[in-house]
Visitor: 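Okay, handing you the structure first.
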Amino acid sequence: MKYKIGLIGCGTVGQGLLEILETKGEALKKDFGFDAKVVAITDKIKGTATAPGGLDIKKVLALLSQGKSLADYRPGKKAAEADPLDVIAACDADIIAELTYTNIQTGEPATSYIKKALQAGKHVVTSNKGPAALHYHELKELAKKKKVQLRIEGTVMSGTPVFTLFESGFAGNEVKEIKGILNGTTNFILTKMELENMDYADALALAQKLGYAEADPTADVGGFDALAKVVILSNVILGGDVKPSDIKPIGITGITKQMVMEAKQEGFRYKLIAQTKRDGGKITAGVAPQKLPLSDPLAGVMGAQNALTFDMDLLGKVTIQGPGAGKLATGDAILQDLLAIHRNLR
Ligand code: HSE
């Protein structure tokens with residue numbers, strides 16, 4: 001089946017997706033019958049390029065790597081600055097990949113983009129944690145009403161499967177508790193402080209350079225990014241109606257290198273732990289650093305890796321570990337959602 005995709009936002013995740021489509025496009029067509037063209041890309045900083053017949057992805061990636069604007073896609077024919085809402089309405093994409101920066105407080109402008117796309121009858125895939133944490137049930141309802149799909153695999157643990165597990169291998173299980181490491185940046189910082197004796201600020205700068213950190217890294221180190229993810233898990237997997245404002249996260253800003261080293265000598269390791277639990281009708285969720293014994297499986301999760309332990313009624317405890325951030329890892333989450341839309345439509 002053929003698909004036309006529109007990209008709203010073309011930062012780390014968008015470029016990861018473009019690289020994947022460029023390198024794997026032929027294999028995806030051959031192996032899964034998934035034939036995708038990118039018909040529009042719009043980004044607040046990088047500009048806009050559209051082509052109803054499909055953009056030349058190699059050319060787009062070359063422009064971006066040279067730091068040029070997407071407006072240079074057609075030399076001499078500079079497109080006017082475009083409002084993403086207009087691009088969503090005007091382009092003939094059947095799937096919108098909403099990949100703009102997360103705003104955990106307001107969920108905007110991403111929520112408006114997603115609503116616009118769903119209302120126009122387009123499927124939506126997003127890695128944006130704002131709309132998923134703040135408005136998941138409302139957006140899902142809108143998608144259902146419009147008979148299109150809304151998928152959010154990239155919001156938690158990047159391309160490491162979480163939500164799709166509950167459509168396949170974990171289907172039918174009731175989850176009692178979810179506990180894990182959901183922020184790659186803070187786990188990376190704690191790892192670098194312990195194993196390489198690196199200073200907090202240097203480790204954070206490196207996490208930013210590697211594309212793990214949020215545009216505003218206070219969301220990472222203050223625990224707000226992990227909070228958004230645990231709210232998403234609470235609402236999507238535990239069926240709750242938790243709001244980010246219900247939880248006060250504690251981040252890693254109070255954890256010093258000295259504390260990390262002292263814990264190490266005692267056989268412990270600090271981890272930023274996100275937890276959510278259903279107790280009857282009540283869901284209790286939180287984010288805080290915990291000093292774990294080295295025997296705890298979560299204590300062995302290092303670098304930008306994430307991990308989650310699901311405690312389920314049929315299967316018992318299952319722990320998954322994998323990348324939680326990064327260009328290709330999150331681009332892969334978007335690919336997984338595109339392929340899921342394709343599977344569901346066939
Ligand atoms: N800033 C996030 C992290 C990116 O470090 O985990 C992925 O959501």
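Atoms within each ligand, like the ligands themselves, are counted from 1 in listed order. Computed over heavy atoms, backbone and side chain alike; hydrogens, waters and symmetry mates excluded.
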Visitor: Considering only heavy atoms of K229, which atoms of ligand 1 have at least one such atom less than 4.0 Å away?
Guide: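 Contacts of ligand 1 toward K229, numbered from 1: 2 (C), 3 (C), 6 (O), 7 (C), 8 (O).
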Visitor: Would you mind telling me which of T102, L99, N103, T111 makes a side-chain contact (heavy atoms from CB on, under 4.5 Å) with N128?
Guide: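 Single side-chain contact (heavy atoms from CB on, under 4.5 Å) partner of N128 among T102, L99, N103, T111: T102.
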Visitor: Which ligand 1 atoms, with their elements, are less than 4.0 angstrom from a heavy-atom of Y212?
Guide: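 Taking each heavy atom of Y212 in turn, ligand 1 has 1 (N), 2 (C), 3 (C), 4 (C), 5 (O) under 4.0 Å.
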Visitor: For residues 301-308, please give each side-chain donor-acceptor pair under 3.5 Å, one per line with the distance, not counting sequence neighbours.
Guide:
residue	atom	partner	partner atom	Å
Q305	OE1	Q321	NE2	3.1

Visitor: Side chain or backbone of T330 under 4.0 Å from ligand 1, or both, or neither, by non-hydrogen atoms?
Guide: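 For T330, there is no contact with ligand 1 at all, from either part.
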Visitor: Is ligand 1 under 4.0 Å from a heavy atom in the side chain of A213, in the backbone, in both, or in neither?
Guide: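 A213 to ligand 1: backbone contact only, side chain stays beyond 4.0 Å.
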Visitor: Check whether the side chains of D72 and S69 place a donor and an acceptor atom closer than 3.5 Å, and report yes or no.
Guide: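 Judged by distance alone, the side chains do not pair up.
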Visitor: For ligand 1, does D220 get within less than 4.0 Å through its side chain, its backbone, both, or neither, judged by non-hydrogen atoms?
Guide: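 Looking at D220 and ligand 1, just side chain atoms fall under 4.0 Å.
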Visitor: More than 12 heavy atoms of other residues, nucleotides or ligands under 6.0 Å from CD of Q258: is that the case?
Guide: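 Count not over threshold, so no.
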Visitor: Could you check atom 7 (C) of ligand 1 against the protein and tell me its nearest heavy-atom contact, residue, atom and distance included?
Guide: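 Going atom by atom, the protein heavy atom closest to atom 7 (C) of ligand 1 ends up being G324 O, 3.3 Å.
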Visitor: For residues 165-172, tabulate all N or O donor-acceptor pairs below 3.5 Å that involve a side-chain atom, not counting sequence neighbours.
Guide:
residue	atom	partner	partner atom	Å
E167	OE1	R151	NH2	3.2
E167	OE2	R151	NH1	3.3
E167	OE2	R151	NH2	3.2
S168	OG	T164	O	3.1

Visitor: Please determine if E214 has a nitrogen or oxygen closer than 3.5 Å to a nitrogen or oxygen of ligand 1.
Guide: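 Yes: some nitrogen or oxygen of E214 is under 3.5 Å from one in ligand 1.
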Visitor: Specify the protein heavy atom at minimum distance from atom 5 (O) of ligand 1: its residue, its atom name, and the distance to 0.1 Å.
Guide: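 Residue, atom and distance for the closest contact: T185 OG1, 2.6 Å.
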Visitor: Would you say G184 and ligand 1 have an N/O pair spaced under 3.5 Å apart?
Guide: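 Between G184 and ligand 1 (N or O atoms, distance only) the closest approach is under 3.5 Å.
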Visitor: Check whether any side-chain heavy atom of K327 lies under 4.5 Å from a side-chain heavy atom of E19, and answer yes or no.
Guide: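 Side chain of K327 against side chain of E19, heavy atoms only: contact under 4.5 Å found.
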Visitor: Does atom NZ (K37) have a neighbourhood of more than 12 heavy atoms from anything else shown, all under 6.0 Å?
Guide: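 For K37, atom NZ is not crowded (no more than 12 foreign heavy atoms under 6.0 Å).
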Visitor: Any nitrogen or oxygen of K129, side chain or backbone, less than 3.5 Å from one on ligand 1?
Guide: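 Yes.
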